[in-house]
Each structure stands twice: as C-alpha cells, then as structure tokens.
Amino acid sequence: STRGQAAAILFDMNLALLVGYVALAAFSTRLARRGLKPIVLLAAGSGLTVAIGLLILVDAAPAPLLWSLLGFSVCVGNLSYPLVTAAFPAERSGRANTALNLMVFVGAFGVQWGFGAVVDLSATHGADPVRSFRIAFAILLALQAASYAWFMLEGRRRVE
C-alpha cells in the first residue's frame, strides 16, 4: 500500500479508537447496572481483539475495515483500571493503579522495541519488508493469544 493508504488506515483506526473509548465510557456503567460485569466486558473485548488480529494476519477482509475494528475493540483494556481499583483496599488502590500504569508504559515500550527487533532480524535473514512485519505481527498475536488464554483460564478467577 502507499503512504497515503497507510495514513488513511491509521486515521480510520484512530477514529474508531476514539469512538470505542466514547462508547465504553457511555455504556459500561449502564451495562454493569444491567448485570454485565466489567470483567465480562473486558474478557469479551479482549477475545474480540485477538480474533480481529488473526483476521488481519490472514487478510480475511479489507485492511481499513479490520484495522478500524481493531481500534474499536482495544479500548476495553481500559476496564483494567477500575477492576484493579476494586480489587484493592481504598488506601492501596492509587498505588495499584500507578503500578498498572507503569506496567502499561513499560509493556508498550517492550512491544514496540521487540516488534522492531523482529522486523530487523527478519530482514537480515532475507525477508522482504511485508513478510518481516507479518512475522512480527504473528509473534505479537501469539503472545496476545497466550495472555488471553491465561486470563480466561486462571487470571480471571483471581481477579473475581
């Protein structure tokens, strides 16, 4: 794709991300009042994010649509903050959220650095740029799927 197409996809994805955050803010409390716990919404949205990542990896639909759906779905990760707050006594919830925020920033750095390292390593072994990015994305997706599986099998029980 051209730089213009990539820019358009990024714009659409970020617009969908904004809509996702607004929708999460507008509806998560209402859904909780109706019995849909935030942990369930987090689990469903996280699963959807992994599924959309897989669809992106296999080119199952037009890229602008899939990346926009990914942008919309990832916003559910912000539900981690109120869940962490609820899991700790009031006098410790600020520290717990600060620790979560630190982990998010360190994790974001690690993912970006690791993604670039995999792309560079793939390129030095003869992969073209598209293949290098696909390899890095596949590894990231595998890590996300493993994290999601852990969350669903073990981690969620501990949070509840």
Side-chain angles (χ1 to χ4, degrees), residues 1 3 6-25 28 38-60 63-64 66-88 92-160:
S1 74
R3 286 182 184 255
I9 289 171
L10 284 172
F11 177 81
D12 293 346
M13 181 183 176
N14 281 289
L15 185 61
L17 183 66
L18 176 66
V19 170
Y21 283 124
V22 170
L24 186 67
S28 62
I39 192 95
V40 173
L41 193 55
L42 177 62
S46 297
L48 180 62
T49 297
V50 172
I52 293 167
L54 182 59
L55 294 174
I56 289 170
L57 190 62
V58 300
D59 285 328
L66 292 175
W67 285 101
S68 293
L69 288 172
L70 184 71
F72 183 81
S73 70
V74 298
C75 68
V76 298
N78 273 12
L79 289 173
S80 302
Y81 290 94
L83 289 169
V84 165
T85 298
F88 287 89
R92 296 207 177 148
S93 64
R95 286 182 183 180
N97 268 297
T98 299
L100 173 60
N101 211 34
L102 177 64
M103 290 181 355
V104 167
F105 279 98
V106 169
F109 167 78
V111 165
Q112 291 176 37
W113 180 87
F115 200 95
V118 170
V119 168
D120 289 346
L121 185 63
S122 298
T124 58
H125 284 85
D128 63 85
V130 171
R131 181 147 173 79
S132 295
F133 277 93
R134 283 193 176 279
I135 290 167
F137 192 79
I139 291 169
L140 176 61
L141 185 60
L143 292 171
Q144 286 178 309
S147 298
Y148 180 68
W150 174 83
F151 174 74
M152 293 302 293
L153 296 174
E154 182 62 30
R156 199 169 64 127
R157 278 184 265 169
R158 290 185 182 172
V159 171
E160 289 178 335

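For the single chain, residues carry numbers from 1 onward in sequence order.
- Between L102 and T98, the closest side-chain pair of non-hydrogen atoms is not below 4.5 Å.
- Looking at every heavy atom in both residues, S80 comes nearest to G77 through OG-O, 2.9 Å.
- Side-chain contact check for N97 versus L100: some heavy-atom pair is nearer than 4.5 Å.
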Please lay out, stage by stage, how W67 and D12 fare under the test side-chain contact (heavy atoms from CB on, under 4.5 Å). CA-CA 8 Å; W67 285 101; D12 293 346; over 6 Å; no
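- In terms of heavy-atom proximity, S68 sits nearest to M13 at OG-N, 4.0 Å.
- Heavy-atom minimum distance, A96 versus V84: CB-CG1, 3.5 Å.
- Expressed to the nearest 0.5 Å, how far CD1 of I139 lies from CZ of F115 amounts to 9.0 Å.
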Report the C-alpha distance between V50 and L54 in whole Å, list the side-chain angles of each, state the deciding distance to 0.1 Å, and finish with yes or no for side-chain contact (heavy atoms from CB on, under 4.5 Å). CA-CA 6 Å; V50 172; L54 182 59; 5.9 Å; no
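- Using a distance-only test at 3.5 Å, with no hydrogens or angles considered, a donor-acceptor pair links the side chain of N14 to the main chain of L10.
- Counting all heavy atoms, side chain and backbone alike, A123 lies closest to S132 at N-OG, 3.4 Å.
- With values rounded to the nearest 0.5 angstrom, T49 atom OG1 is found 10.5 Å from L141 atom CG.
- The two residues R134 and I56 make their nearest non-hydrogen contact at NH1-O, 4.0 Å.
- The distance from atom CD1 of I52 to atom CG of L57, rounded to the nearest 0.5 Å, is 14.0 Å.
- For the pair I9 and A63, the tightest heavy-atom approach, listed with the atom from each and the gap, is CD1-CB, 4.0 Å.
- Note that CG of L24 is 8.5 Å distant from CZ of F72, once rounded to the nearest 0.5 Å.
- Taken to the nearest 0.5 Å, the CG atom of L48 stands 7.5 Å off from the CG atom of L69.
- For the atom pair CZ of F151 and CG of L42, the computed distance is 4.5 Å after rounding to the nearest 0.5 Å.
- Under the 4.5 Å side-chain criterion, counting only non-hydrogen atoms from C-beta, V111 is not in contact with Q144.
- Few gaps surround OH on Y81; more than 12 heavy atoms of other groups in view lie less than 6.0 Å from it.
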Could you walk me through whether S93 and T85 satisfy the side-chain hydrogen bond (donor to acceptor under 3.5 Å, both in side chains) test, starting with their C-alpha distance in whole Å, then the side-chain angles of each, then the deciding distance to 0.1 Å, before giving a yes or no? CA-CA 5 Å; S93 64; T85 298; 5.1 Å; no
Working for side-chain contact (heavy atoms from CB on, under 4.5 Å), residues V76 and S46: CA-CA 7 Å; V76 298; S46 297; 4.3 Å; yes
